[in-house]
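All values derive from a computational prediction rather than experimental measurement. The basis for the numbers below is simple: all heavy atoms, side chains too, and nothing from hydrogens, waters or symmetry mates.
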Amino acid sequence: MTHVLVTGGAGFIGSHVTTALLAANHDVTVLDCGHPAAHREPPSVPAGAVLIRADIRDAGAVRAALRGAEAVVHQAALVGLGAGPRDLPEYVGCNDLGTAVLLAAMAEAGVRRLVLASSMVVYGEGAYRCPDHGVVRPAPRDPADLAAGRFEPGCPSCARPLTGERVDEDAPMDPRSVYAATKVAQEHLAAVWARETGAAVTALRYHNVYGPGMPRDTPYSGVAAIFRSALEGGRAPQVYEDGGQLRDFVHVTDVAAANVAALDASGGFRAYNVASGRPVTVGEMAGLLGEAFGGPGPQITGRFRLGDVRHIVASPQRAAAELGFRAVVTPAAGLREFACAPLRG
């Protein structure tokens, strides 16, 4: 049994992590401020956990929450692409300053084990291969190409079409949104902290997480919740680009299981993809949800967001080999369940 502090433990993913830790007989304290981007009601936690309602940037509250803790699972973050540039200070404050405050307090308290909720967004675009130039990193997509409906990235050397591959944890980081940049910074801060303190940091790079308890339609929701909210309102899911964007949708209960497994990881800094290993397109996902919900099928809009990437498909092999983690919920089964699952109000 370990006493674990879960930051953001009353949020969508955090509440499932808290439940999984309790089920594994750990003692759990939750630090959560109830940020309005994630909560429309006061935060609550599962029975058996202790809730401290405070901001991760409040050093005194963090020190108090760490009393007796032996490990920290750091879920607290502002997620998604947000509402635009005006969100910049809040993203950097919540995600990066908050992480710095937490790490400093952990060093002071002598807590040397951290599981960090990172994200696949650190990679930018996924892995690609050109028939002439081998493995390549496409440049950020040109707005003019996107406006003309040319969504697939080309080879940066010859512009030829590329073949997508699975991205592994050794791929270079190439953040292409504010959220992505803050997640890269979180990993860098945690890696430096691990070296300086001799601590163990496990960075879990979540792919597209979905499942019961997702926040309803907000600028910070995942695409699955946005589509579900549309269906509940009798509207067709609005699919950006041509719907052919490949993603790996991983169920939140699998993500929670990965966090429990990560508590036993060895020392130093190590990153892991947390993914189902079964990619589907965004259009296919919207179609599965609509069919299961009994609502309208998706509408392909051709619209785009500059912060989006085209394809990002994970290799889950490292997590399987080193953490013993394998996702068990298939996207087909999980999305059918999610079509009728409760959302967070």
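- Interatomic distance, OG1 of T202 versus CG of L116, reported as 9.5 Å (0.5 Å rounding).
- The NE2 atom of H35 sits 7.5 Å away from atom CG of D55, with the distance rounded to the nearest 0.5 Å.
- Within the structure, the side-chain hydrogen bond (donor to acceptor under 3.5 Å, both in side chains) test picks out the following pairs touching residues 107-119 (sequence neighbours left out): S118-E187.
- How far CD of E169 is from OH of Y123: 4.5 Å, rounded to the nearest 0.5 Å.
- A search for side-chain hydrogen bond (donor to acceptor under 3.5 Å, both in side chains) contacts involving N95 returns T182, not counting sequence neighbours.
- Partners of H251 according to the ring pair (Phe, Tyr, Trp, His ring centres under 6.0 Å) rule, which considers only residues two or more places apart in sequence or in another chain, are Y210.
- In terms of the side chain to side chain contact (heavy atoms under 4.5 Å, CB included) criterion, N25 has no residue partners (sequence neighbours excluded).
- Through chains of ILVMFWY side-chain contacts below 4.5 Å, F151 is grouped with L146, F304, L306.
- Cluster partners of Y128, using a side-chain heavy-atom cutoff of under 4.5 Å among ILVMFWY residues and allowing indirect links, are V136, L162.
- Under the salt bridge (Lys or Arg N to Asp or Glu O under 4.0 Å) test applied with E241, the options R303, R305, R141 reduce to a single match, R141.
- In this structure, R228 forms a cation-pi arrangement with F338, its terminal cationic atom sitting closer than 6.0 Å to the ring centre and no more than 45° off the ring axis.
- Looking at residues two or more places apart in sequence or on another chain, you find a side chain to side chain contact (heavy atoms under 4.5 Å, CB included) between V260 and A20, L21, A24.
- Closest non-hydrogen pair, P316 versus R166, comes out as CD-NH1, 4.1 Å.
- For E284, the side chain to side chain contact (heavy atoms under 4.5 Å, CB included) criterion is met by V280, T281, not counting sequence neighbours.
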Donor-acceptor contacts, no H, no angles, side chain residues 320-329, under 3.5 Å, sequence neighbours left out:
{"from": "E322", "atom 1": "OE1", "to": "R270", "atom 2": "NE", "distance (Å)": "3.1"}
{"from": "E322", "atom 1": "OE1", "to": "Y272", "atom 2": "OH", "distance (Å)": "2.7"}
{"from": "E322", "atom 1": "OE2", "to": "R270", "atom 2": "NH2", "distance (Å)": "2.7"}

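- Between D248 atom CG and N208 atom CG the span is 7.5 Å, to the nearest 0.5 Å.
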Using residues 58-73 as the side-chain source, report each donor-acceptor pair under 3.5 Å to any protein atom, sequence neighbours left out, with the distance given to one decimal.
{"from": "D58", "atom 1": "OD1", "to": "G60", "atom 2": "N", "distance (Å)": "3.2"}
{"from": "D58", "atom 1": "OD1", "to": "A61", "atom 2": "N", "distance (Å)": "3.1"}
{"from": "E70", "atom 1": "OE2", "to": "H3", "atom 2": "N", "distance (Å)": "2.8"}

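- Other residues, nucleotides and ligands place no more than 12 heavy atoms under 6.0 Å from the CD atom of Q317.
- For residues 287-300, the set of pairs meeting the side-chain hydrogen bond (donor to acceptor under 3.5 Å, both in side chains) definition, not counting sequence neighbours, comprises Q238-Q299.
- Other cluster members for L246: V313, joined by side-chain heavy-atom distances under 4.5 Å among Ile, Leu, Val, Met, Phe, Trp and Tyr.
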Requested in this report: Begin with the C-alpha distance, continue with both residues' side-chain angles, and end with the deciding distance and a verdict on side chain to side chain contact (heavy atoms under 4.5 Å, CB included) for H26 and L263.
Outcome: CA-CA 11 Å; H26 297 292; L263 283 177; 3.9 Å; yes
Query raised in the report: Checking side chain to side chain donor-acceptor pair (under 3.5 Å) for the pair T99/H74: CA distance, chi angles, key distance, verdict?
Result: CA-CA 8 Å; T99 298; H74 183 28; 3.0 Å; yes
